[in-house]
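All remarks here apply to the structure that follows.
Note on naming: letters A, B, ... go to the chains in the order of the sequence lines (proteins, then strands), and numbering restarts at 1 for each one. Atom set for the values below is all heavy atoms of this structure, side chains included, hydrogens, waters and symmetry mates excluded.
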Number of protein chains: 2
Amino acid sequence: MTPVTIAVVNDYPLVVSGLARLLAGDERVRVVELVLGTGPESDPDIVLFDAFGCLDRLGGDIAELRRGTPGGRFVVYSWNADERLVRTALDTGADGYLSKRVDGRELVDALLRIHAGETVVIGGEVAEGREPGDWPGHDAGLTAREAEVLALITQGLTNEGIAAQCHLSINSVKTYIRSAYRKIGVERRAEAILWGVEHGFLQPRPWRVPTGL
Amino acid sequence: MTPVTIAVVNDYPLVVSGLARLLAGDERVRVVELVLGTGPESDPDIVLFDAFGCLDRLGGDIAELRRGTPGGRFVVYSWNADERLVRTALDTGADGYLSKRVDGRELVDALLRIHAGETVVIGGEVAEGREPGDWPGHDAGLTAREAEVLALITQGLTNEGIAAQCHLSINSVKTYIRSAYRKIGVERRAEAILWGVEHGFLQPRPWRVPTGL
DNA sequence: GCGCACCTCACCCCTGAGGATGATTCCATC
DNA sequence: GATGGAATCATCCTCAGGGGTGAGGTGCGC
């Protein structure tokens with residue numbers, strides 16, 4: 001029997017390596033790395049994503065990848081398994097949600113069940129306190145929407161881009177931005193971006209083309 | 001030569017495995033896992049901690065562990081390399097701060113330097129001494145003025161602020177900005193800031209406390 | 001029921017940011 | 001001494017970004 005191929009998308013080497021090692025002993029699964037936008041992809045059975053708290057982009061990404069990998073299953077794989085994030089992820093087309101806290105046997109089991117067609121959520125409850133189920137910026141009093149919009153600002157999108165990405169009117173986007181600015185104590189987009197950078201809103205982004213050079 | 005022993009304290013299997021695998025090819029280092037409060041510990045050379053954002057307990061933990069491992073080096077190993085966290089960690093007794101985003105060679109290098117007695121911070125924005133004629137962005141074809149203006153943009157200043165800071169007319173500032181944008185291949189200030197962040201233009205600076213709440 | 005927080009959107013208004021273009025003065029280099 | 005890059009500034013124009021305000025809808029808790 002050929003192993004189930006698990007692809008990790010756009011995540012850090014530490015995570016990719018860790019997953020590979022956690023699954024290394026089991027011949028039923030096999031881990032590959034996947035970087036968006038780098039030409040012809042392999043054809044994995046399961047694609048693991050970390051949306052890093054920004055789930056709106058996720059829907060689009062999944063839709064796009066699904067075109068290339070029709071039979072694939074798309075699963076959010078994140079440190080943050082906040083209930084609302086889980087729900088949003090499933091609503092936007094994810095086939096499952098796995099916490100990065102999940103260990104070997106349970107993880108393999110979940111992956112196999114996902115491959116079999118189940119929708120699996122593991123890690124939905126916060127088990128042990130540390131790093132509670134917060135989206136980034138939650139402790140600054142940001143609502144999920146505000147954090148989301150801030151995350152997109154931190155990624156360099158324009159208001160219009162954010163509106164398109166989130167399926168919102170540009171006026172709503174502005175409203176969230178203003179309200180977020182007030183909460184994090186900034187006045188300009190530039191400051192908001194720096195705040196985002198310093199608070200972990202910045203995704204690892206191998207898909208961003210380094211210009212020039 | 002015996003390898004430098006790296007202990008990961010109380011972290012998730014994904015992280016421990018990932019680190020072990022990232023360092024697996026190098027005989028100069030060796031990874032072990034460490035769980036606090038489980039009897040006699042091994043005697044690692046370097047202890048990696050994730051305080052998960054709550055640094056208040058870190059000082060105590062380090063002090064306690066240091067009693068058991070007198071020669072050991074204690075390093076915070078975290079996803080979040082926020083400046084303030086870095087500074088607090090160093091102030092409370094950490095010997096270094098490593099971002100979990102850091103990859104293989106850089107990571108090994110950092111660990112060896114830490115073992116040699118250096119205090120190493122990687123992943124936070126640390127300004128290191130630069131040679132004259134080696135301003136950041138020089139290799140992208142930026143002139144010194146353009147780089148200077150970009151650096152100030154990256155720090156969140158407005159055009160007017162930059163003009164004041166550099167004793168320039170606001171029109172000159174705009175000219176440099178446009179020219180710099182063309183060279184680094186961006187169109188918006190937001191993108192320029194991200195470019196700056198990714199190219200080391202960000203200077204450490206105290207951040208304002210969010211108002212209200 | 002009432003209040004409250006959040007999500008959503010609209011309208012107005014103003015300023016900052018950015019593009020295009022051109023001028024001047026240096027200074028190095030060919 | 002001509003060419004070219006850089007630094008410096010100006011003028012004109014456009015629009016994205018941001019503030020203020022109000023308002024309808026939902027869902028939750030008291």
Taking [X] for the side chain and [Y] for the main chain, is one N or O donor matched with an acceptor at less than 3.5 Å?
| X | Y | answer |
| --- | --- | --- |
| A/Asn159 | A/Ile170 | no |
| B/Arg73 | B/Ile114 | yes |
| A/Thr175 | A/Asn171 | yes |
| B/Ser172 | B/Leu168 | no |
| B/Asp95 | B/Val75 | no |
| A/Glu191 | A/Glu187 | yes |

Item checked: salt bridge (Lys or Arg N to Asp or Glu O under 4.0 Å) pairs, two or more places apart, involving residues 148-174 of chain B ->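 Only B/Arg145-B/Glu148 qualify under salt bridge (Lys or Arg N to Asp or Glu O under 4.0 Å).
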Taking OP1 and OP2 of C/dG16, is either one under 4.0 Å from a side-chain nitrogen or oxygen of B/Asn159?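 No.
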Item to complete: Compare side-chain N and O positions of B/Arg189 against OP1 and OP2 of C/dG18 and report whether any pair is under 4.0 Å apart.
Response: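 It does, given that an N or O in the side chain of B/Arg189 lies less than 4.0 Å from OP1 or OP2 of C/dG18.
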Which whole-number value in Å describes the distance from [X] [atom1] to [N] [atom2]?
| X | N | atom1 | atom2 | value |
| --- | --- | --- | --- | --- |
| B/Glu187 | D/dC15 | CD | P | 15 Å |
| A/Tyr181 | D/dG20 | OH | P | 14 Å |
| B/Ile153 | D/dG17 | CD1 | P | 15 Å |
| A/Glu160 | D/dC15 | CD | P | 12 Å |
| A/Ile177 | C/dC7 | CD1 | C1' | 15 Å |
| A/Ile184 | D/dG18 | CD1 | C1' | 14 Å |
| A/Leu142 | C/dA5 | CG | C1' | 14 Å |

Problem set entry | Terminal helix-axis angle for the helix from C/dG1-D/dC30 to C/dC30-D/dG1, with five pairs defining each axis and rounding to 10 degrees |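 Inter-axis angle at the ends, rounded: 40°.
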request  = Evaluate the side-chain proximity of A/Ile6 to A/Val4: yes if any heavy-atom separation is below 4.5 Å, no if none is.
outcome  =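 In short, these two side chains touch, coming nearer than 4.5 Å.
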Per-nt protein contacts along nucleotides 5-10 of chain D (heavy atom under 4.0 Å; B base, S backbone sugar-phosphate only, - none) come out as -SSBBB
Taking all non-hydrogen atoms of both residues, which atom of B/Ala190 and which atom of A/Gly156 are closest, and how far apart?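 Heavy-atom minimum between the residues: CB-CA, 3.9 Å.
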